[in-house]
Amino acid sequence: KELVAGKRSYLVMPNFLSSSATSFEKFAMQVSSIVDSIPGLTDELVMSTLHPETVETEWRSPVPILVLQWYDATAQ
């Protein structure tokens with residue numbers, strides 16, 4: 001099945017571990033584990049993070065942000 005990008009949600013967390021990119025990444029990995037445990041959701045949702053302390057400049061943001069990218073199946 002072919003998937004195309006659908007809705008994208010941003011969970012902005014200004015009071016959550018704003019000084020620790022590693023802790024925020026661990027939190028995101030735990031959320032990802034929960035998503036992976038739900039049948040059928042793994043292919044439809046991709047998560048990424050943005051954080052002030054991230055080394056790569058394109059992934060920096062003023063506050064921690066969890067990005068949820070949803071994918072929809074295309075009609076074949």
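Predicted, not measured: the structure shown is a model, and the values here were computed from it.
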[Y] and [X], any side-chain heavy atoms less than 4.5 Å apart:
| X | Y | result |
| --- | --- | --- |
| Phe24 | Leu50 | no |
| Ser9 | Trp70 | yes |
| Val63 | Val12 | yes |

- Write down the atom of Pro62, the atom of Pro52, and the distance for their closest heavy-atom approach.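 Residues Pro62 and Pro52, closest heavy atoms: O-CG, 3.3 Å.
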- Which pair of heavy atoms, one from Ser32 and one from Met47, lies closest together, and at what distance?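 Minimum heavy-atom contact is N-CE, 3.3 Å.
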- Exam field: side chain Ser33 to backbone Met29, donor-acceptor pair closer than 3.5 Å: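 Judged by distance alone, yes, a pair lies under 3.5 Å.
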- So, does Gln69 use its side chain to make a donor-acceptor pair with the main chain of Gly6 at under 3.5 Å? yes
- Evaluate the criterion side-chain contact (heavy atoms from CB on, under 4.5 Å) for residue pair Leu45 and Tyr71; output intermediate values, then yes/no. CA-CA 6 Å; Leu45 178 63; Tyr71 288 89; over 6 Å; no
- Message: I'd like to know if Leu68 and Ile38 are part of one continuous hydrophobic network [Ile/Leu/Val/Met/Phe/Trp/Tyr, side-chain heavy atoms within less than 4.5 Å].
- Response: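 Yes, same cluster.
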- Would Val67 and Thr49 satisfy side-chain contact (heavy atoms from CB on, under 4.5 Å), going step by step from the backbone distance to the final call? CA-CA 6 Å; Val67 181; Thr49 59; over 6 Å; no
- Message: Rounded to the nearest 0.5 Å, what separates atom CE in Met13 from atom OG in Ser61?
- Response: 11.5 Å
